[in-house]
There are 2 protein chains.
Amino acid sequence: MRSPTDLTAAFRAHGLKLTPQRQLLFRMLYDNATHPSADALFMAASAEMPGISRRTVYQTLNDLVAMGELRQIAIGTGSARFDPNVDDHHHVVCTACGEMRDVYVDDVDLAGAAGLDGFDVTSTDIVFRGRCTRCRRRGRPSPSTSALASISPSATTRKDQS
Amino acid sequence: MRSPTDLTAAFRAHGLKLTPQRQLLFRMLYDNATHPSADALFMAASAEMPGISRRTVYQTLNDLVAMGELRQIAIGTGSARFDPNVDDHHHVVCTACGEMRDVYVDDVDLAGAAGLDGFDVTSTDIVFRGRCTRCRRRGRPSPSTSALASISPSATTRKDQS
DNA sequence: TGCTTGTTCGCAACTCGTGCAGATTGGGCG
DNA sequence: CGCCCAATCTGCACGAGTTGCGAACAAGCA
Ligand SMILES: [Mn+2]
Ligand SMILES: [Mn+2]
Ligand SMILES: [Zn+2]
Ligand SMILES: [Zn+2]
């Protein structure tokens, strides 16, 4: 996304107002490479501006996404992550801590894919999953329980098959 | 996943019981290439077995996933989709109707990706997005609103910036 | 047939977001 | 500088998707 200053101009150009809440979020997002969730941003924003509404954070994020200044990434069932880097790129996600980093793939050859018959593909998302250095070193466990172990009722008196 | 018959044996081997609910789901999933959501399966199952609980459907799906017989796919923020095809493959998703089809990519060269430093990648998911033949022909609209248009307050008296 | 567990049900609770409507406020204008 | 009004913000209810819980049930085995 563009710098807070440029966004300010862009917003005004569209008849949108420049509120302190928006300016704060512009600043928190600009150059932010952590791919934060809406809630992470809300909590960070709350530190600087106690009382800001979670709703306002969602609204501003939606606005920025609609304007093409921010990219919304959905990896998995959890919460959406936001990325100020709107250039064409992909991601690696740590299955243990959720850390997410940019990955640049030279050139995705859609051509080498079989089964796209009839579809007019407009975007391609690649998500690499694994564990980051830190989580591996600390032995933090991968989420996927050891399959059969967790399913066997005799293994542990399961309350439910959650 | 394996055939209903084989699963029956596998379940019993693990001390799990064979209930009619489970057997029904085994049948509904086997050879099912539609990548159904839990709710789609619940509705289909309800037709054959009125009274089956949504909870039971979720539980059985979770069990099968834990056993490695079923693959759970999360594309986007919506509901999870389930895939009895556990072979290594990727997907194309229609952004208009949600149709999802298998895509086989010759060989994903993780090597050609920059930024994976430190991560020990264990899986790679590629999701192609676009519109299927039917939706394109019928002119069904893509979800992404025309950006700036929806953001401009003067364009349409927006109630909120949703 | 009876018993022991694993299962099923139904409903509450939870997470992530969105719809709503009343209270606020940015910012163009006189 | 102060007004006015549309654009915003906030708080809360509500909705989708999924899981926690505990009482009622029922496979599988003796
Ligand atoms: Mn990124
Ligand atoms: Mn598939
Ligand atoms: Zn990690
Ligand atoms: Zn379609």
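Just so it is clear: chains get the letters A, B, ... in the order the sequence lines come, proteins before strands, and each one is counted from 1. What you see is a predicted model; the values in this text were computed from it and never measured.
Distance alone, capped at 3.5 Å, is enough to place a donor-acceptor pair between the Arg81(A) side chain and the His35(A) backbone. The closest donor-acceptor contact from the side chain of Glu69(B) to the backbone of Arg2(B) lies under 3.5 Å. When atom types are taken as modelled, the side chain of Asn32(A) and the backbone of Met28(A) share a donor-acceptor pair closer than 3.5 angstrom. Panel note: side chain Ser3(B), backbone Tyr30(B); no donor-acceptor pair is recorded below 3.5 Å.
In terms of phosphate contacts, Thr56(B) brings a side-chain nitrogen or oxygen within less than 4.0 Å of OP1 or OP2 of dC9(C). Phosphate contact (OP1/OP2 of dC9(C), side-chain N/O of Gln21(B), threshold under 4.0 Å): present. Residue Gln59(B) places none of its side-chain N or O atoms closer than 4.0 Å to OP1 or OP2 of dT19(D).
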Audit row: His91(A), His89(A), side-chain contact (heavy atoms from CB on, under 4.5 Å) steps and yes/no
CA-CA 7 Å; His91(A) 300 90; His89(A) 69 287; 3.0 Å; yes
Step by step, would you call Gln21(A) with Gln59(A) a side-chain contact (heavy atoms from CB on, under 4.5 Å)?
CA-CA 11 Å; Gln21(A) 290 87 344; Gln59(A) 284 175 185; over 6 Å; no
Could you please spell out the steps behind the side-chain contact (heavy atoms from CB on, under 4.5 Å) verdict for Asp88(B) and Tyr104(B)?
CA-CA 8 Å; Asp88(B) 188 56; Tyr104(B) 288 88; over 6 Å; no
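Counting to the nearest Å, the P atom of dG27(C) and the CZ atom of Phe11(A) are 12 Å from each other. For the pair Arg22(B) CZ and dT5(C) C1', the computed distance is 12 Å after rounding to whole Å. One atom, OH of Tyr58(B), and another, P of dA16(D), lie 12 Å apart when rounded to the nearest Å. Rounded to an integer number of Å, the gap from Leu24(A) CG to dC9(D) P is 12 Å. dT19(D) atom C1' lies 13 Å from atom CG of Leu61(B), rounded to whole Å. In this structure, CG of Asn62(A) is placed 9 Å from C1' of dG17(C), rounded to the nearest angstrom. Taking atom CG on Asp39(A) and atom P on dT18(C), their separation rounds to 13 Å, with Å as the unit. The CD1-P distance, from Ile75(A) to dC16(C), rounds to 12 Å in whole Å.
A residue-by-residue look at Arg54(B) and Arg81(A) shows that Arg54(B) has its nearest nucleotide of DNA chain C further toward the 5' end. Toward the 5' end of DNA chain D, the nearer of the two residues Gly78(B) and Gly51(A), judged by each one's closest nucleotide, is Gly51(A).
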Give DNA chain D the dot-bracket treatment, 5' to 3': Watson-Crick (N1-N3 with N6-O4 or O6-N4) or G-U (N1-O2, O6-N3) under 3.5 Å, [ ] crossing, | other strand.
||||||||||||||||||||||||||||||
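In this structure the side chain of Asp120(A) reaches within 4.5 angstrom of the side chain of Arg136(B), judged on heavy atoms. The closest side-chain heavy-atom distance from Arg22(A) to Thr56(A) is not below 4.5 Å.
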Each nucleotide of nucleotides 23-30 of chain D classed B (base within 4.0 Å of a protein heavy atom), S (only sugar-phosphate) or -, in 5' to 3' order, makes ---BBS--
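One can find a donor-acceptor pair under 3.5 Å joining the base of dG19(C) and the side-chain atoms of Arg55(A).
Nearest to the side-chain atoms of Ile52(A) among the listed nucleotides dT10(D), dC9(D), dT18(D) stands dT10(D).
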Would you mind writing out the side-chain donor-acceptor pairs for residues 37-53 of chain B within the sub-3.5 Å range, not counting sequence neighbours?
residue, atom, partner, partner atom, Å
Ser37(B), OG, Ala40(B), N, 3.1
Asp39(B), OD1, Arg54(B), NH1, 2.2
Ser46(B), OG, Phe42(B), O, 2.8
Ser53(B), OG, Arg55(B), N, 3.0

